[in-house]
Amino acid sequence: MAAILAGLGLLALVSTVFGMMMAVSQDLPAIENYTEFRTSQNSQVFDATGKKIGTLTGNNNRILDASTDISQNMKQAVVAVEDRRFYEHQGVDFRGIGRAILQDVVTGSGQQGGSTITEQFVKNALEAQNSRTVFEKLREAALAYHLEKRWTKDKILTTYLNTIYFGEGAYGIEAAARTYFGHSHPGCENDGPPTCASLLLPEQAAMLAGIISSPSAYDPRLHPEAALGRRNHVLKNMYDQGVLSGADFRNATAQALPAPSQIEPPREDSRAPYFTSWLRQQIVDRYGAGAAFSGGLRIRTTLDLELQQRAETAITSHLAGIAPTGSAVVIDNRTGGVKAMVGGFDFRQRPFNLATNGHRQPGSSFKPFTLITALAKGRSPNEVFTSELKRFPVPGSPHERFVVHNYNDTYVGSRTLANATTFSDNSVYAQLGLQVGTKAIKRTAQNLGIETNISTNPAMILGGLKHGVTPLEMAYAYNSIAHDGERVSGTLGSLSDPKVPPADRGPVAIQEVKDSHGRLLKGGKNQIATKRVIPAKVDHTAIQILQTVVASGTGKRAQTGSFAWGKTGTTENNGDAWFCGATHEITACVWVGHADSNQPMETEFAGQPVDGGTFPAQIWHDIVVAFQDLQVQRGLSKPKTPIAPVTPGAVSPAPAAPAPQQPAAPAPTPVPQQPPAAAPVPPADGGGTGGGATGGGDGAATGASTRRR
């Protein structure tokens, strides 16, 4: 009788387990249909000319390898230590799971091992690590059994290796191979073939396989002795299972672990990491994280990789050996596409993107928004203002004063608006700005493309904002000026909300997106959209005035010998320096300063202060020349012919730069130079600064003062 009861009990247990295995089978599609495991292909990013920029990876920088990209040594090592009967069972090792269940019942811990590689994969895929109970193990076993009916052993093993954590920030076998052994296989990080994972030697594969069960305990940097013992244990298993000969086993165990200095955590898989870090979220927002990181998308961007590299060189060559850093953004006037983005010196050391997230005070590079506002209200470039120290009452504050100094306290008695722009006269601009209104200036800036919420305190006229602006939004706003007064974006602009009209979606990074088979996705091709934000005649007049800044004013170091316009900017005690401007083809904005502070730059320019007309103008010049050289090399344009000099403070009769395929409005009548009461005295090159603006309204920090102290 006892034997019969025992048999019935065993049958009941088997039936219960089998019933559970069948009941949970509906969870299998959650694994099979998960994009990452279905396609196992990283999305690739290319520049506008078709050159590969890199791989689009998530925050864990996982790079997915095909089976043929993974060394047999690695596959053998992980099977040897994690699941030696992997090729024999059908997803469930009944001996192993029985032993684990027995131990769990005895100890009450629910933490024993015994899982097969397939079960581990299921556990990771369903993110069940926080629910490690006896029943959870049975559920995983059932799903593993069903999965092995659908997938081959090699697909399971490959996908498992692509998705597990190996410590030191390395998710997946390719990231792990690069992190620990990239130094011993030079060139394997350059998007092979060969991949780093395909080159792993037996001792290297064994060390990585040993890490899987406890990445922290077997970290060769932190615990080299434990890591060495674990590696040799894996090698012994490989020898016992016949995948290593005696000679290979002895040779492998004699090899040293990687030195701490040789272990390099994963880096952004990109030749333009600041740009791809900005692009990444746009792709996720449009297509979802699964498709973005594992869907095998082919993303052609607006970036020009050669120009990008030249822009990086321009910044590093001018700022090498000094503390300040730099950032730059270059935008195509016709399309609004970002052609280069430098967010800092070293993405690995400083991944914070100054180009997109570095909100800094713009100083006098903000003045074109005041100029355009005034011109749109009918003010004349010939209008004469006094040039002297000014003290204005702050609206709503009976005792507070808005005190305005010129750079170096240099005043000339009187100036026209045009001449005041050429030499960045703060006194004149403060008068003008208060007359046209700070709220109107704010609207102009936002219409042109500034996204930051701009304060309306008096100091904002000279760039003293409560919240600073980024090089990207400044470049984009200036690009609207360069495009005949129209803001340019497109259906794949950086703002992905479909409710936002295409012309309002901001600067563009994406030209087109295709699937892994090369088929264009629905809506996957950018369509250019424009929106007029300032009258064309006003725009042309502003550009002609801003030409004089480069021709003979504070931005002379930006001269390239051909058509160019722009504006310098420098802030409090030379803490930030800018030059933003445009040619017929591109708009660029350059910022120089300290990344983590507003530390004054008083001697870095050959013993002189860093102003907008020094390093920023020089870097801008180099970027523009690089673009022009590349255009000539590619047969897209002829070498530029020099332009006639422009009279300081006057409007050049040269026509403005209408956007391609845009009819140009008639150029306004040239503005004659005001007969000055005193000869205009330019400040030191780079003066284009916000002036000693104190007081504030809106509770804003003044931030615009650049008076020498």
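S489 and R505 get closest at one heavy-atom pair: OG-C, 3.4 Å. The two residues A292 and V284 have their closest heavy-atom pair at CB-CG2, 3.8 Å. Across all non-hydrogen atoms, the minimal contact from S43 to G295 is OG-N, 4.2 Å. Between P381 and T541, the shortest heavy-atom contact is CG-CG2, 3.8 Å. Taking every heavy atom of both residues into account, S364 and P368 meet most closely at O-CD, 3.9 Å.
Between the side chain of D611 and the backbone N or O of G613, no donor-acceptor pair lies under 3.5 Å. Without hydrogens or angle criteria, D47 side chain to L305 main chain gives a donor-acceptor distance under 3.5 Å. Side chain of N526 to main chain of V508: no donor-acceptor pair is present (N/O by atom type, distance under 3.5 Å, no hydrogens or angles). T568 places no side-chain N or O within donor-acceptor distance of the main-chain N or O of G555, the cut-off being under 3.5 Å. At least one donor-acceptor pair under 3.5 Å links the side chain of Q308 to the backbone N or O of M341. Checked by atom type and distance alone, the side chain of H359 pairs as donor or acceptor with a backbone atom of N357 at under 3.5 Å. Without hydrogens or angle criteria, S365 side chain to K567 main chain gives no donor-acceptor distance under 3.5 Å. Side-chain N or O atoms of Q559 include one that pairs as donor or acceptor with a backbone N or O of V550 at under 3.5 Å. Panel note: side chain R360, backbone W591; no donor-acceptor pair is recorded below 3.5 Å. In this structure, E512 contributes its side chain and L520 its backbone to no donor-acceptor pair below 3.5 Å.
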Q: Apply side-chain contact (heavy atoms from CB on, under 4.5 Å) to L417 and L371, showing your working.
A: CA-CA 8 Å; L417 174 56; L371 173 65; 3.8 Å; yes
Q.
Please evaluate residues T373 and T444 with respect to the criterion side chain to side chain donor-acceptor pair (under 3.5 Å), reporting the C-alpha separation (whole Å), side-chain torsions for both, the decisive distance (0.1 Å), and the verdict.
A. CA-CA 6 Å; T373 304; T444 297; 2.7 Å; yes
Q: Could you walk me through whether I372 and V538 pass side-chain contact (heavy atoms from CB on, under 4.5 Å), step by step?
A: CA-CA 7 Å; I372 289 170; V538 169; 4.1 Å; yes
Q: Starting from the C-alpha separation in whole Å, work towards a yes-or-no answer on side chain to side chain donor-acceptor pair (under 3.5 Å) for K531 and S480.
A: CA-CA 9 Å; K531 178 181 181 179; S480 298; over 6 Å; no
(Q) If you apply the rule side chain to side chain donor-acceptor pair (under 3.5 Å), what do you find for D285 with Q281, and how did you get there? (A) CA-CA 6 Å; D285 289 344; Q281 190 60 47; 2.8 Å; yes
(Q) side-chain contact (heavy atoms from CB on, under 4.5 Å) for Q361 and F366? Distances and angles first, verdict last. (A) CA-CA 9 Å; Q361 298 298 319; F366 199 78; over 6 Å; no
Q: Would you please test E473 and T452 for side chain to side chain donor-acceptor pair (under 3.5 Å) and show each step?
A: CA-CA 8 Å; E473 59 186 335; T452 299; 2.6 Å; yes
Q.
Run the side-chain contact (heavy atoms from CB on, under 4.5 Å) test on I322 and M601 for me, step by step, so that the C-alpha distance in whole Å, both residues' side-chain angles and the decisive distance to 0.1 Å come before the verdict.
A. CA-CA 10 Å; I322 60 175; M601 300 178 289; over 6 Å; no
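In this structure, T302 and I510 have side chains that are not in contact, with every pair of non-hydrogen atoms separated by 4.5 Å or more. Side-chain contact check for V338 versus W278: some heavy-atom pair is nearer than 4.5 Å. V592 places none of its side-chain heavy atoms less than 4.5 Å from the side chain of T325. Under the 4.5 Å side-chain criterion, counting only non-hydrogen atoms from C-beta, R487 is in contact with D504.
The aromatic rings of Y274 and F347 lie perpendicular to each other, with more than 60° between the two planes, well past the 30° mark. Taking the six-membered ring where the residue is Trp, W620 and F579 present perpendicular rings, their angle passing 60° and hence far from 30°.
When only modelled atom types and interatomic distance are considered, S562 and T560 share a side-chain donor-acceptor pair under 3.5 Å. Using modelled atom types, one finds a donor on one side chain and an acceptor on the other under 3.5 Å when comparing K367 with S424. At a cut-off of 3.5 Å, with distance as the only test, no side-chain donor of N42 or T55 sits close to an acceptor on the other residue. Residues Q511 and K525 have side chains that never bring a donor and an acceptor to within less than 3.5 angstrom of each other. A donor-acceptor contact under 3.5 angstrom links the side chains of H483 and E486, judged on distance only.
Salt bridge R634/D304: present, at least one basic N to carboxylate O contact under 4.0 Å. A salt bridge links R348 with E264: at least one charged nitrogen is closer than 4.0 Å to a carboxylate oxygen. Salt bridge absent: R334 and E585 never bring a charged side-chain N and a carboxylate O closer than 4.0 Å. Look at R298 and D515 and you find no salt bridge, because none of the NZ, NE, NH1 or NH2 atoms lies under 4.0 Å from a carboxylate O. Using a cut-off of 4.0 Å between Lys/Arg side-chain N and Asp/Glu carboxylate O, D622 and R310 are scored as not salt-bridged. Under 4.0 Å is where a charged nitrogen must lie from a carboxylate oxygen, and between R271 and E312 no such pair does. Under the 4.0 Å criterion applied to side-chain N and carboxylate O atoms, D484 and R532 are assigned as salt-bridge partners. A salt bridge links R178 with D269: the closest approach of a Lys/Arg side-chain nitrogen to an acidic carboxylate oxygen falls below 4.0 angstrom.
Checking N406, T421, T370 one by one against Y429, the side-chain hydrogen bond (donor to acceptor under 3.5 Å, both in side chains) holds for a single residue, T421. When the options F627, W565, F563 are evaluated for a ring-ring contact (aromatic ring centres under 6.0 Å, His included) with H584, the one that passes is F563.
No more than 12 heavy atoms of other residues, nucleotides or ligands shown are found within 6.0 angstrom of CZ on R350.
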